[in-house]
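A short worksheet on the structure shown next.
Per chain, numbering begins at 1; letters A, B, ... match sequence-line order.
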There are 2 protein chains.
Amino acid sequence: MAASLQQVQQTRSQVACNDCHLGELCIPQGLTHCDVERLSNTVRRNRTLRKGEHIYQAGEHYNSIYALKSGTAKLVHMDRMGSESIVSLLLPGELAGFDGVASGRYLCSVVALETVSFCELPSHQIDRLSREMPALYQVILQRTGGKFDECLERMRLLRRPADQRLAAFLLSLSERYRLRGFSHVEFRLTLTRQEIGDHLGLALETVSRMLGQFESAQLIAIEGKLIRILDEEGLQRYSPR
Amino acid sequence: MAASLQQVQQTRSQVACNDCHLGELCIPQGLTHCDVERLSNTVRRNRTLRKGEHIYQAGEHYNSIYALKSGTAKLVHMDRMGSESIVSLLLPGELAGFDGVASGRYLCSVVALETVSFCELPSHQIDRLSREMPALYQVILQRTGGKFDECLERMRLLRRPADQRLAAFLLSLSERYRLRGFSHVEFRLTLTRQEIGDHLGLALETVSRMLGQFESAQLIAIEGKLIRILDEEGLQRYSPR
DNA sequence: CGGCCGCTTGATGAGTGTCAAGCGCCGTGG
DNA sequence: CCACGGCGCTTGACACTCATCAAGCGGCCG
């Protein structure tokens, strides 16, 4: 099967956390070289998925925290009515799985938006290592709390008008790409208009209209899914800091 | 001064966590009697505040997790534009302070809506005890993650129509009062219409109108701030799920 | 008693969702 | 190779929810 062959190759090219290009973006932030070494030994590395496949699904038992290594994914919360809310867009180096910490079951699903690779950190290893490494305990707790902070920020956005939501979304994406060494001026949206709408609480038509509006105002240039930011300050004037 | 006299009395009537009427609602959930004992010794107890005073304010250093013991308070996130968003309404036994875990500074403020008493659990004690008590580590992590879950639930609500938001709010309040041994049929709103609006992302006029609408539909009875739930199932028909 | 605050109620308009039509692109299958 | 169909996107017309503005009422406190 093609998938398993691919996995074998990936396994061969495993990279220890200390050598990972993501560095501090991922969990190692604030840990000593030695601590990272120990952490690294418990990580299941470089598993890959293709577009549309899921890392985990809502309802499954909470087993692990996941670190996205390459590609993008969406963290999705399904409404009972079938309408999905996209809690966040995950870029390389970002972590997922915290929605399972409290209840022991994941509340959301993580779905690959393109081919992705990711690492897996089993929760029992986290618990074990946290006991021995206070710094790891701090990191895990802070990352968990950080998800709450992100949520607050998102809620603040959700009650602003559509143009401000979209401007903030684009600027946030730009900044996050910059932190990861990609261009912050030009990047490809891996979300459809519908998905951007699901993320921002807007209809896809509104997203399309607002993008068009930004383009006519010379703030951005659009070529399909490719976005080029022409006037960052202009966008910032929308976004209430 | 009346306040300090009151505080002396409160100090005298201190209650160890094991004897606290809140029991499992607060942190002790899942801890052994002995663990709670140790925890109890590090807790600063029964401090009181009057309406309008704050337990902590946005921007202050993260020092402690707080447990509300009696009274109600609001967890408030200030927008730069002065408009405030009420992240949550805190009832007795509920915890606050997790908005400071990630960044080391509180993002929100906690303001008393009436006279409140509360306990304080210093963060350095949490860190110290967590290392020795795996169960406490679990509880703290789960509570932190739980705040994220609450946030998700709230965001789901925020994109539903006004009547559904209000119905869900009332039902949630009712349920939480029930868990605390109060009547779930009749309770007093400690929030003004404006504050309910800030919580649900609505104008105060809309809140007032929707309440009126529920009253004419015989779902609730209103006497100022006193709410009586007449038809719980009727309300649930609004609330999705 | 007067003034402020919290609340209700009404009138109006803006911002968006919804519905509908059409276009271009891509993959599929004839 | 081309025709077809589906999907993602754009654009327009319309409806509707809800915010805003405004007025007035009752209660509480100074």
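- The side chain to side chain contact (heavy atoms under 4.5 Å, CB included) check on A:S64 picks up A:Y66, A:Y106, A:E120, A:P122, with sequence neighbours excluded.
- Identified under the side-chain hydrogen bond (donor to acceptor under 3.5 Å, both in side chains) test for residues 203-220 of chain A, with sequence neighbours left out: none.
- One axis for each end of the helix from C:dC1-D:dG30 to C:dG30-D:dC1, each built from five base pairs, and the angle between them comes to 30° at 10° resolution.
- Heavy-atom contacts from other residues, nucleotides or ligands closer than 6.0 Å to NZ of A:K225 number more than 12.
- Side-chain nitrogen and oxygen atoms of A:K225 include none within less than 4.0 Å of the OP1 or OP2 phosphate oxygen of D:dG8.
- Every residue meeting the salt bridge (charged side-chain N to carboxylate O under 4.0 Å, His left out) condition with A:R176, not counting sequence neighbours, appears here in chain and number order: A:E94.
- Here B:V101 pairs with A:L141, B:Y62, B:F98 under the side chain to side chain contact (heavy atoms under 4.5 Å, CB included) rule; sequence neighbours left out.
- Residues passing the ring pair (Phe, Tyr, Trp, His ring centres under 6.0 Å) test with B:Y177 are B:F182, B:F187, sequence neighbours excluded.
- In this structure B:F169 satisfies the ring pair (Phe, Tyr, Trp, His ring centres under 6.0 Å) test together with B:H199, sequence neighbours excluded.
- In this structure, A:R237 has no side chain to side chain donor-acceptor pair (under 3.5 Å) partners at least two apart in sequence or on a different chain.
- Contacts between residues 199-220 of chain A and DNA chain C, defined by a heavy-atom separation below 4.0 Å, involve A:G201, A:L202, A:A203, A:E205, A:T206, A:R209, listed by number.
- Shown here are the side chain to side chain contact (heavy atoms under 4.5 Å, CB included) partners of B:E53, two or more places apart in sequence or in another chain: B:L49, B:R50.
- Sorted by first then second residue, the salt bridge (charged side-chain N to carboxylate O under 4.0 Å, His left out) pairs that include residues 193-202 of chain A, not counting sequence neighbours, are A:K74-A:E195.
- Bounding nucleotides for the chain B contact on DNA chain C, 5' to 3', at a heavy-atom distance below 4.0 Å, are C:dC7 to C:dA11.
- Note that the CG atom of B:L68 and the CD1 atom of B:I55 stand 5.5 Å from one another [nearest 0.5 Å].
- Separating the CZ atom of B:R193 from the P atom of D:dA19 is a distance of 16 Å, rounded to the nearest angstrom.
- In this structure, the CG atom of A:L191 is 10 Å from the P atom of D:dC9, given to the nearest Å.
- Atoms OH (B:Y238) and C1' (D:dT17) sit 15 Å apart, rounded to a whole Å.
- At whole-Å resolution of the value, CD in B:E223 and P in D:dG26 are 17 Å apart.
- As a whole-Å value, the separation of A:R159 CZ from D:dC18 P is 14 Å.
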